[in-house]
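Step one of this worksheet: look at the structure below.
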Amino acid sequence: MSEELSKAYEPGLVEDKWYAWWQERGLFHADPASPKPGYSIVIPPPNVTGVLTLGHVLNNTIQDILARHARQTGHEVLWLPGTDHAGIATQTVVERRLRKEEKKTRHDLGREEFLKRVWEWKEKHGGIIIKQLKKLGCSCDWERERFTMDEAYALKVQEVFVDLHTKGLIYRGKRMVNWCPVSLTALSDEEVIPKPQKGYLYHFKVEIVERPGTFLEIATTRPETIMGDTAVAVNPKDPRYREFIGLSVRRPLPLDGQAILPIIGDEAVEFEFGTGVLKVTPAHDKADYEIGLRHNLPVIDIMNPDGTLNDLAGEDFAGLDRFEARVEAVDKLRELGILVKEEPHENHVGFSERADVPVEPRLSEQWFLKYPKTQEARAAVRDHLIQFFPDRWEKVYDHWLENIQDWCISRQLWWGHRIPVWYPANAECGVGNAEVISAAGGGTSHSEFPIPNSEFLVSVESPGEGWVQDPDVLDTWFSSWLWAHETMEAAALKKFYPTSALVTGPDIIFFWVARMIMAGLEYTGEVPFRSVYFTGIIRDKQGRKMSKSLGNSPDPLDLIAKVGADGLRFGLLRIAPQGQDIKFDEQQIVEGRNFCNKLWNACRFRLMHGAVDPAADPSKHDLSIFARDLLAKLDATIQRVNEGYEAFRFSDIAQALYDFVWGDFCDRFIESAKADFDSPRRDGTLAVMDFTIQRILKLLHPYTPFITEELWSGLGFGPQSLMESPWPDAGNAAPEPRAEAVYGAVSLARNLRATYNVPANKRVAWQFTPSEDWVNREIPALSLFLHAESLIACDKAPAGSAACPTDIGILYLPLEGLVDPSAERSRLQAEVGKVEAEIEKVARKLSSESFVKNAPPAVVAEHRQRQQDWVARLAELQSAIQTLG
RNA sequence: GCACGGUUGGCGCAGUGGUAGCGCACCUCACUGACACUGAGGGGGUCGUAGGUUCGAACCCUACACCGUGCACCA
């Protein structure tokens, strides 16, 4: 950098340079052999083919801040980066492309060829988000970048499957699962998002076979499943219906296959809902399936995996989509004359998180996990072995674990960790569950070959000839729940595990955080992290979530191009209070840039007054009141910042630094310093400036690493990187109330100027009656602050001037010819009004007997003081009015 | 339905019992020896509603309203 800094900070010119330099010097690398205490973070692995969002920016900036702060406070830091394979998302993207470009499905290619294509896609696009994180300045240890499909990691995933199976925690079972008819795979409960849907409650009647002329009225939201009904249920305690239990009704649909259904009694039926009569469809409803089990009902599966109806639904319905079939079914009921009414009705329907379509409850053969260490995991958080920030998430976490259900871990996908289970190649592929009547004729599983219900072997290695592997893969989260420990080799584990902090969004508290805790406890015997910081969600100005379809999510790289990575980081962090959602507005990012520019120019100003002394020591100088005040504020700021890190209050830290740099350092200290350059104070003032700038750069570095490194080097604090510089200690410099008094007086005087509309560029010959001796020494600074033509001491009020009483004396603004006394009088009178109101307020309190009696003495004394001050102020104002004549 | 969070000037927020604050926006003035990505000044709020506790409430308690989130098999 040249002697002269450019007039404005230009981030584009310096960011890449410093990032490369940090990497060359190996500053991001974590050494397990280091004697320093360890500090570690594992990145929440983004989707390998994803692109950076503002959410990632927030999340990763916080991690970078923690990592850089930890390095400066003397830790050996590991920030371990990587990506995950995002099974469904990635496979869907590649399939869509295949369909578009080659008009083929994955089945056309076959498994092996298809997976080759996915890997190609990953190689081509997989690096994007990593490059973006680098642009943002993330100080990850890139030598340790991991991917959930890395060979070693994948092996671990399979070994864990085998292990949990051996322990009896993983089992295969035919159960009702959440089926996504678009992705054609089972999902876990967590991947189902209930959404309120406006629909209808359809009422239709069925005749009781044994009592012609007597009808039962049934209410349903899903008439398209009537063809799968195998019973009608009422509550045995319901006096309206209990007499019918044991009789039967005729199922109206399909027309070509009307069946006689039993009327059964089951306590699960609510009296109040609908008509109190429930149609029971065991194949297509979780609750109905349970009823079916209790009453040994047949299960008729009328749907294909893609959500269309099959032959069992009858010829009128076969081939129709489930929602078309609903319309058709209602028409049929109407034609039969048994549709009673359609009642508008809102209910919650589970949607597939990925495909955003209603999931279909579906009976299918899947692999399930009984979670390990659930009670230990609850205890770890309850007893604060793991600390949540904000702590309110503890309750959410605990509630989930308390009601935890087994986890469906198999997915009917190709992209992912294949289930390490083997079947004899010649095994008979039975239906598996004899009472299921299924049109497909095969198993109710899904993939290109039905899962045999024969013996199987669980093993990572193939048992050899004659065995075929289970076609399905594991849920992506079944691999990422090992992320905290399986990404590290033994030496790293020893040094860096358990990790120090996890930074993530509350939306994956169940998906990932809770499961990682269980996996950590199961496989390392320890919690995987000490602290979990949950960020807020970034929303747009109207409070909506950022989403691609809404087009309301700005590209972080565009923002970086506009304001620099530092501007983006600082701007975003300043408005991100702990765990609260953030309403994003680009203006706030611009403020981040402005702040960087302010800092830049303050340093530029310093350089204009000669070389910086990196070893500057303020204690060797006789300092001005302003310099002493600044040092006290610096100590207080360091204190505030340290407290912020303790409590993970990142916006507080940003705000503290913003206030100090802009307000205390630039607006006040630098302005006062301008009076010192031609005085004996010069050396002391420069020393304080150098001392303070050095600390500002250190304190700001975690938030704005690029500009601070550039200035650190440019001002001559190097040659070592700022990253390696130790964190500053907070001293306990005493505050300097005299500086505060001067600033207060300046503010009052400027106010007075403005009141008289004295233009900002007009220099004024002020007069002044200082109240104390020391004030005389500060006349040059005061004069500068006031932009005065002159500032001359006087004993009494000069004629024709406006008086401005302050804590350091009375300032007089000459008004000759400028203003008529009546304007000044009315101004003062207005001021008197305000002061009298304050006096009245205090007096009212003090005259209250109960206040004086009950309030703590210190509070009462403080009120008395306040009253005195206001009364004195009133006297000054009144005397000013008199002087005016 | 249950739980959690939010409700403070136009906007975004801080403020957990003792004189309502900050940033932006707005209005006025100014290119004074770093910075117009700037400086100076100003106006603007009965702290969601209704009760209660207290000498004193934005803050504590109780309801309610609205917004957001999570959980919940009422078809």
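Each chain gets a letter, A, B and so on, in the order the sequences are listed, and its residues count up from 1. In this text the structure is predicted, and so the values were computed from the model without any measurement.
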Rounded distance in Å - [atom1] ([X]) to [atom2] ([N]):
X	N	atom1	atom2	answer
Leu278(A)	C74(B)	CG	P	13 Å
Ile509(A)	C71(B)	CD1	P	10 Å
Asp676(A)	G33(B)	CG	C1'	15 Å
Ile537(A)	G70(B)	CD1	P	7 Å
Leu846(A)	U19(B)	CG	P	13 Å
Trp400(A)	C71(B)	CH2	P	10 Å
Glu270(A)	A72(B)	CD	C1'	13 Å
His787(A)	G39(B)	NE2	C1'	11 Å

Quick one: which of [options] gets closest to the side chain of [X]?
X	options	value
Phe851(A)	A72(B), G18(B), A75(B)	G18(B)
Val269(A)	C35(B), C55(B), A75(B)	A75(B)
Arg604(A)	C35(B), G39(B), G15(B)	C35(B)
Arg750(A)	U19(B), C55(B), G41(B)	G41(B)
Phe510(A)	C73(B), G23(B), G70(B)	G70(B)
Asn751(A)	G42(B), C55(B), A34(B)	G42(B)
Leu784(A)	G33(B), C37(B), A36(B)	G33(B)
Lys7(A)	A36(B), A34(B), G15(B)	A36(B)
Tyr658(A)	C55(B), G23(B), U32(B)	G23(B)
Gln587(A)	C74(B), A25(B), G18(B)	A25(B)

*asked:* Looking at Glu671(A) and A34(B), is any side-chain donor or acceptor paired with a base atom of the opposite kind under 3.5 Å?
replied: yes
*Heavy-atom closest pair, residues Val299(A) and Ala283(A)*: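 Where Val299(A) meets Ala283(A) most closely, the heavy atoms are CG1-CB, 3.5 Å.
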*Measure across Ala231(A) and Ile264(A) and return the closest heavy-atom pair with its distance rounded to 0.1 Å.*
CB-CD1, 4.1 Å
Scan every strand shown for a Watson-Crick or G-U wobble partner of [N], both distances under 3.5 Å, and answer none if you come up empty.
N	value
G43(B)	none
A20(B)	none
G1(B)	C71(B)
A34(B)	none
G9(B)	none
C59(B)	none

Remember a base hit wins even if backbone is also touched, and classify [X] as base, sugar-phosphate or nothing at under 4.0 Å, heavy atoms.
X	answer
Asn347(A)	sugar-phosphate
Cys603(A)	nothing
Arg222(A)	nothing
Arg649(A)	sugar-phosphate
Pro856(A)	base
Val396(A)	sugar-phosphate
Lys395(A)	sugar-phosphate
Ala754(A)	sugar-phosphate
Asp667(A)	sugar-phosphate
Glu591(A)	sugar-phosphate
Glu290(A)	nothing
His348(A)	base
Arg392(A)	sugar-phosphate

*Between Tyr658(A) and Trp662(A), does the ring centroid distance fall short of 6.0 Å?*
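Yes, the ring centres sit under 6.0 Å apart.
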Taking the same atom, [atom1], in [N] and in [M], what whole-Å distance lies between them?
N	M	atom1	value
U16(B)	C59(B)	C1'	5 Å
A65(B)	A50(B)	P	15 Å
G42(B)	G5(B)	P	39 Å

_Tell me whether Asp690(A) is salt-bridged to Arg606(A), with the criterion being a basic N under 4.0 Å from an acidic carboxylate O._
yes
*asked:* Please determine whether a side-chain nitrogen of the Lys or Arg among Asp229(A) and Lys279(A) lies less than 4.0 Å from a carboxylate oxygen of the Asp or Glu.
replied: yes
*Are any non-hydrogen side-chain atoms of Pro252(A) and Val206(A) less than 4.5 angstrom apart?*
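Of all side-chain heavy-atom pairs linking Val206(A) with Pro252(A), at least one is under 4.5 Å.
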*Once the angle between the rings of Phe595(A) and Phe570(A) is folded into 0 to 90°, is it parallel (under 30°), tilted (30 to 60°) or perpendicular (over 60°)?*
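Plane angle under 30°, so parallel.
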*Parallel, tilted or perpendicular for Phe669(A) and Phe665(A), by the 30°/60° rule?*
parallel
